[in-house]
Structure formats: structure tokens, C-alpha cells
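First the proteins, then the strands, lettered A, B, ... as listed; each starts at 1.
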2 protein chains.
Amino acid sequence: MSSRPTIKEVSKIAGVSFKTVSRVLNNEKHVSEETRRRVEEVVAQLNFRPSHAARTLAGRRSFQVALLYDNPSPYYVFHIQAGALERCHELGYRLLMQPLESGSRDLVPDVLALVDEAHLDGLILSPPLTEMPELIEALDKRKLPYVRIAPGLRKDHGLATTMDDVAAAREITRHLIDLGHRAIAFLRGPESHVSSADRLAGYRQELEAHGIPFDPALVIAGDYSFHSGGAAARVLFAREPRPTAIFAGNDDMAAGALAAAHEADIAVPEALSIAGFDDSDLARAVWPPLTTIRQPVRELAYAAADLMLAGTAITPQVMLDHELKVRATTGPAPKA
Amino acid sequence: MSSRPTIKEVSKIAGVSFKTVSRVLNNEKHVSEETRRRVEEVVAQLNFRPSHAARTLAGRRSFQVALLYDNPSPYYVFHIQAGALERCHELGYRLLMQPLESGSRDLVPDVLALVDEAHLDGLILSPPLTEMPELIEALDKRKLPYVRIAPGLRKDHGLATTMDDVAAAREITRHLIDLGHRAIAFLRGPESHVSSADRLAGYRQELEAHGIPFDPALVIAGDYSFHSGGAAARVLFAREPRPTAIFAGNDDMAAGALAAAHEADIAVPEALSIAGFDDSDLARAVWPPLTTIRQPVRELAYAAADLMLAGTAITPQVMLDHELKVRATTGPAPKA
DNA sequence: TATTCGTCTGGCAGCGCTGTCCAAAATCAG
DNA sequence: CTGATTTTGGACAGCGCTGCCAGACGAATA
């Protein structure tokens with residue numbers, strides 16, 4: 001391994017003390033323009049990169065944060081990572097990826113261990129880790145900065161980026177109602193994901209706003225998986241009369257329901273409308289393409305990193321817009 | 001931030017020198033059982049975690065490696081990460097995720113900068129970064145350990161984990177031929193992904209092994225995207241006679257072709273068979289479920305990390321098994 | 001018994017930076 | 001022109017560990 005240059009070598013060549021080089025690297029003041037330029041030249045020429053480990057050890061900050069997640073969806077994780085990574089990179093921070101098991105007994109100690117080991121400057125939490133009270137408390141007690149992405153509980157606590165799940169669910173429900181549907185089923189996600197309860201609430205509110213009574217029998221529990229969507233749909237298909245529309249709490253379950261409909265030879269959207277939530281890759285890959293809500297996953301993560309590291313926003317909670325994507329799985333309700 | 005304990009505090013409480021604590025932490029020998037136990041007790045009790053930064057700075061190794069990728073597929077990236085992360089974690093290494101742009105002029109300098117900054121002990125490369133000659137050369141020159149996952153070029157160079165793309169493509173082609181198909185189209189991926197050329201070679205070999213002449217007109221170039229699969233399929237649909245089967249170089253393109261078939265009202269698999277490659281999430285989410293090759297993505301990454309860090313395998317190149325997954329998009333060729 | 005060896009332990013330098021304090025030079029005020 | 005202030009740059013300690021060396025001790029060998 002060809003030995004990398006150090007700050008001292010840079011300083012020697014530039015003809016200044018190594019402390020001055022440090023000042024230039026950290027963009028501190030009290031360095032003349034002329035000196036700064038000279039140092040920067042040498043840095044570029046030597047291709048010098050300060051040792052992250054040394055900065056961490058010597059300084060108060062590590063310029064490292066971690067993204068904690070426990071989500072089985074590649075789509076979701078990929079985009080959360082991409083958004084957070086982008087903002088961290090722009091701000092000169094390194095982002096550590098930390099998949100976790102939210103059910104684990106050791107969740108809190110494990111996170112704290114990571115924080116200590118890596119001297120973390122902060123933490124980005126994504127659902128469902130946003131809802132773990134012990135974790136939140138531990139971080140608060142430690143006074144460790146953190147942001148939550150799309151928290152379901154205690155939405156006004158600390159830093160958070162969110163979207164309006166209730167309003168989005170109302171929109172998609174209204175879309176279905178406007179198409180003439182009255183018997184609309186809702187496929188909810190796991191309890192641990194509070195977003196799913198919000199979506200249920202929006203569904204219910206919109207129904208009632210249109211004078212359609214809420215029927216608990218039309219709400220089927222799933223776990224956000226493709227498989228559970230299919231299972232739930234088959235339960236509904238056995239009912240008489242069959243609901244004319246299904247609103248699934250996420251795209252995976254909607255795709256599962258859609259596949260089940262194909263299997264049962266139920267025409268979509270002619271005989272059955274299906275709507276999802278997320279606008280994941282799946283939404284465009286299935287046939288017909290799925291009507292869904294575009295959730296700004298990547299942007300939520302970008303904004304979260306920004307909120308924690310740059311603190312650009314005035315309010316501790318930022319809400320981003322969603323968008324109803326009407327595609328081809330929803331259509332007019334069939335004539336009874 | 002409550003100040004974390006240091007190795008010195010541990011040593012004071014345990015009544016040994018801090019050097020001895022260091023020995024225990026690093027599992028070095030020349031520590032009596034008794035002493036070791038005592039130190040470990042104190043470590044557990046204080047919840048002590050050694051500072052990664054300090055170990056990196058003081059020692060020869062950083063226990064950090066990076067995973068480099070430039071792949072738009074959430075599915076692929078997620079599983080590559082998961083596999084590599086798992087093995088790294090088991091071996092006490094930290095894994096940094098580094099998305100890159102393989103087209104970038106600064107690719108090599110950027111990677112080298114990361115290596116320096118983070119004192120990386122090694123690098124895991126995934127396609128298409130496995131095929132960048134400048135990168136490989138730079139790493140070789142630096143004598144930096146690295147593994148390539150599924151390299152297409154120079155497969156016998158250095159450490160690598162692979163699967164047999166040629167054989168897999170032959171299998172799936174044979175499956176199609178066995179079903180009576182003769183006019184089989186192949187949707188190839190982008191040039192940068194050499195795997196796609198291997199799959200084409202396998203397709204061609206198997207065709208010729210069965211006495212079916214290879215027809216270049218049946219090979220359509222795509223870019224591994226859903227969209228390009230649809231576009232390619234539409235080109236084929238305009239042909240007379242239409243091919244009876246399509247073998248797509250990956251699942252995304254297969255899904256695109258499938259959607260195009262639905263759109264053109266071509267029954268799958270009755271009038272057209274479609275096969276993919278990867279066995280990604282999509283393969284089971286589309287309708288009908290896709291016949292494809294299961295690519296052991298996660299295992300490839302796991303083995304790659306193992307190869308580089310533990311060096312368990314005897315050979316520098318490890319090949320893992322694929323599996324033909326016959327599902328519902330392939331069926332007997334229609335009677336002419 | 002004298003000598004070598006292996007096992008266990010501690011001392012100390014130093015990894016490459018940042019934080020703090022201090023000195024010299026440049027600028028300003030009176 | 002002197003003294004006070006600001007700007008600029010250097011000296012030095014020390015962050016929390018690991019690497020290397022040396023010393024103490026008991027066991028094995030000559």
C-alpha cells in the first residue's frame with residue numbers, strides 16, 4: 001500500500017505549519033487568501049485526503065451519521081438510502097447503513113454500541129424504527145441528534161420529515177368513490193407500521209364524508225407483503241356480494257391482490273378496481289399498471305438528512321407532497 | 001453526550017494495564033484465562049466499546065471495507081448489500097456503501113480518495129464496476145485487496161465470486177426448445193454489463209446444439225430496464241412471423257415484454273412464452289409469474305466478503321449455483 | 001546449578017489530526 | 001509615534017487505541 005501523504009507533508013511542501021493546513025481543510029478563518037490558495041494547490045497536487053479516523057479522534061465531531069432501517073422492501077430501502085446518502089455527501093458527512101431487527105431485545109444497546117464505536121454525530125430513523133419508544137427515549141437521554149422519517153407516533157416530537165398519509169388515503173378513496181364505488185375494501189399493513197393506521201383513518205374519513213358507512217368487515221389485515229395481498233384478496237373474492245374496489249395499504253399488497261384477481265379471472269379494472277400506495281417499481285411493472293399514491297421516499301430521506309445536519313428548515317417537522325397517480329387498475333364501478 | 005468509557009478506565013477498574021485490556025479486546029494470546037475473564041466482565045459491565053477511529057489510527061487495519069455499486073436495480077443492490085453486510089458483520093468488519101457512476105471521469109480518483117480517507121482494508125466490486133480496467137489496474141498497483149462479484153471480463157483475475165451465466169442461459173434456452181419453440185428472441189442488456197454477453201453466448205450455443213441456426217435479427221438490444229423490454233417486445237410483435245418465445249436478459253426487461261404482450265393482447269404463455277433472468281421480486285409479482293433463472297445475488301455477495309476477509313475458499317474464484325425456476329410465462333409453442 | 005526458553009504483563013511511542021494557547025506581524029486609534 | 005487591537009500562523013498536548021520492546025516469572029533443558 002503506497003503510503004498516503006499526511007498533513008505534515010503537505011505543510012512542508014506548502015511552506016507553512018501543519019496547523020495552517022488543518023485550518024484550510026476545515027475552512028476556518030484567519031488564513032490569508034494567498035496562503036489558502038497555496039495550500040489548496042499542494043493538496044490537489046498530492047491528492048491528499050485527510051484521515052477520517054484522525055479527524056474523528058482528535059475533533060469533537062466524526063462527520064458520520066447512520067441510517068437505521070428494518071424494512072423488507074428493496075425499493076423502499078434503496079430510495080431511502082439514496083436520498084440520505086445524497087444529502088450527507090453534499091454536506092461532507094459519511095452515512096453508515098444499519099439494518100436492524102425492530103423486534104430484537106438488544107435493539108437499543110446495539111444502536112448505542114454503534115453510536116459509541118463510530119462516534120456518530122446523529123441518526124436517521126426510518127419506519128418502523130421510528131415508533132420504538134425505548135429507542136427514542138434512549139436517544140433523547142443521550143442527547144444524540146436524530147431525525148425520524150415518516151414517524152407515525154408522536155409526530156410533533158423532535159425532528160421529522162413526513163407526508164400526509166391521512167390526506168393521501170382520502171384522495172385515493174375519493175378517487176374510487178368518484179368512480180362510483182361504494183363497497184371498497186381496505187388492506188391494511190402490519191401494526192408496527194403506524195402509517196398503515198393513518199391510511200386506514202383517511203380511508204374511513206373519506207368514506208364517512210361521503211355518507212358511506214364504514215364497514216369493519218371490509219378491512220383485512222396484511223403485512224405489506226405481496227403474498228398477504230393475495231391472501232386478503234381471496235378472502236374478499238369469496239364474499240357475496242364482492243367489493244368492487246380494493247385499496248391496498250401499499251403496492252406490494254396491491255400487486256398481490258391484482259395477481260389473485262388474474263388468477264380468479266376477475267377483470268381489472270372492469271369488474272374490480274385496485275389501488276395501491278407508494279408508487280414503487282412494481283406499480284409500473286404489473287399489468288395493468290397500478291393506480292397508486294406517489295410517496296416521496298427519496299425526498300423524505302434527503303430532507304431528513306438536511307434537517308439534522310444543515311437545519312435549513314425553520315420548523316422541526318417538514319411535510320412533503322404526495323401525488324395521486326391514476327393509472328389503469330381503477331375504473332368505473334361495474335353496474336350492479 | 002454522556003462521555004463513553006475508554007480503555008484506560010476499563011483497565012483501572014479491572015486492575016490491569018490498559019495494554020492488557022487491548023489484548024483481551026483483540027483476542028490476542030498471552031493473557032491468562034483469569035485476567036481475560038476479569039477484563040471481559042468489566043467491559044460488559046461498563047458497556048465499553050472500543051473507538052473504531054482510534055483503532056484505525058493506531059493499528060495497521062481499519063476493519064472497514066466498501067461495497068462499490070452502480071446499479072439502478074433496487075432489488076439487486078438491496079441483496080448485494082444484505083449479503084456483504086452479513087458476512088462483514090460476522091467477521092467484525094464495517095461495510096461502507098458507495099454508489100458510483102461508472103461513466104464518471106473521476107471514478108478512479110474518487111475510489112482512491114475513499115480508500116485513503118477511510119483507510120479501507122479492501123473493496124467489493126459489483127457489476128458493472130467489475131469491468132473497469134482502469135479501476136482494476138489502480139487497485140492492483142495499490143496492492144489493495146478486492147473481490148469482484150460476477151465479473152464478466154478477466155474472470156480468472158484476482159478474487160471473484162461468480163455464477164455460470166453461459167450455462168444458465170443454455171438451460172433456459174433448452175427449456176424453451178424442449179417446449180417446442182424454434183423462433184426464440186433474445187433481449188440483451190447494455191454493453192457495460194458483460195453478463196449480458198455471456199447470456200447471449202449461452203443462448204446461441206444451446207440453439208446451435210439443437211441444430212437451430214442463430215438469427216441475429218432475433219437479438220434486440222435493451223438496457224436492462226422495464227421500459228426497454230417493452231420497446232424491444234413491440235419491435236418483435238411487428239414481425240411476421242412473430243417469434244413464439246422471448247428470452248430476456250433480466251427480469252425487468254421480461255416484465256416489460258410481458259406488459260407489452262398484455263397490451264397487444266397476446267396471450268402468455270399460450271401464444272407467446274417469456275423467460276427472464278434473476279428471479280427478482282418482479283418475477284413473482286407480475287402475472288403470470290415469470291419463468292426465470294434464480295441468480296444467487298445475496299450469496300454471491302456473502303461469498304465475496306468471505307473470500308476477501310476470511311479467505312476460506314481454496315480457490316480464488318468461487319462459483320455458485322443458479323436454478324431454473326419454471327413458472328407460468330412459458331408453455332408449449334403454439335401450433336404453426 | 002546455570003542457561004535457555006516460553007508465557008504473561010506493563011511501558012511507551014506514535015498513528016494524523018483538532019483544540020487551545022501564544023507569538024509575531026499587520027492594522028488601527030489617539 | 002506609541003499603544004491597543006486584529007489578523008495570521010506556529011507550538012504543543014492529546015484524542016484512544018495498537019505495535020514494539022522489555023521485564024518478570026516459572027518451566028524446561030543442558
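- The NE2-C1' distance, from His30(A) to dA26(C), rounds to 14 Å in whole Å.
- We find the CG-OG distance between Asp121(B) and Ser62(B) to be 3.5 Å, quoted to the nearest 0.5 Å.
- Position along DNA chain C of the nearest nucleotide to Arg23(A) versus Phe18(A) favours Phe18(A) as the more 5'-ward residue.
- For Leu57(A), taking side-chain heavy atoms from C-beta onward, the closest of the listed nucleotides dG16(C), dG19(D), dC17(D) is dG16(C).
- Ring-plane geometry between His193(B) and Tyr224(B) is classed as perpendicular, the angle between the planes exceeding 60 degrees on a 0 to 90 degree scale with a lower cut at 30.
- Considering only side-chain N and O atoms, Arg60(A) lies nowhere under 4.0 angstrom from the phosphate OP1 or OP2 of dC17(C).
- Look at CZ on Phe63(A): it is 8 Å from P on dT18(C), rounded to the nearest Å.
- In this model, the phosphate group of dG9(D) is approached by a side-chain N or O of Thr35(A) to a distance below 4.0 Å at OP1 or OP2.
- Atom P of nucleotide dT6(D) and atom NZ of Lys29(A) are separated by 12 Å, given to the nearest angstrom.
- Contact annotation: Ser17(A) side-chain N/O to dA11(D) OP1/OP2 distance is not under 4.0 Å.
- Look at Ser22(B) and you'll find a side-chain N or O under 4.0 angstrom from OP1 or OP2 of dT18(D).
- For Ala58(B), the side-chain atoms get nearest to dG14(C) when compared with the rest of dT9(C), dT18(C), dG14(C).
- Phosphate proximity of dG9(D) to Ser32(A): present, with a side-chain N or O under 4.0 Å from OP1 or OP2.
- One interatomic measurement links the two molecules: NZ of Lys19(A) to P of dG14(D), which rounds to 16 Å at whole-angstrom precision.
- Here dT18(C) presents its P atom at 11 Å from CZ of Arg61(A), a figure rounded to the nearest Å.
- With contacts defined as side-chain heavy-atom distances shorter than 4.5 Å, the pair Leu123(B)/Leu68(B) qualifies.
- Rounded to whole angstrom, the span from the CG atom of Leu46(B) across to the P atom of dG16(D) amounts to 14 Å.
- Side chain of Phe48(B), nearest nucleotide from dG9(D), dC17(D), dC17(C): dC17(D).
- The closest side-chain heavy-atom distance from Glu90(A) to Glu86(A) is below 4.5 Å.
- Rounded to a whole Å, the CD atom of Glu33(A) is 13 Å from the C1' atom of dT8(D).
- One atom, CG of Asn27(A), and another, P of dG19(C), lie 14 Å apart when rounded to the nearest Å.
- Side-chain contact between Pro151(B) and Thr162(B) is present, with heavy atoms from C-beta onward closer than 4.5 Å.
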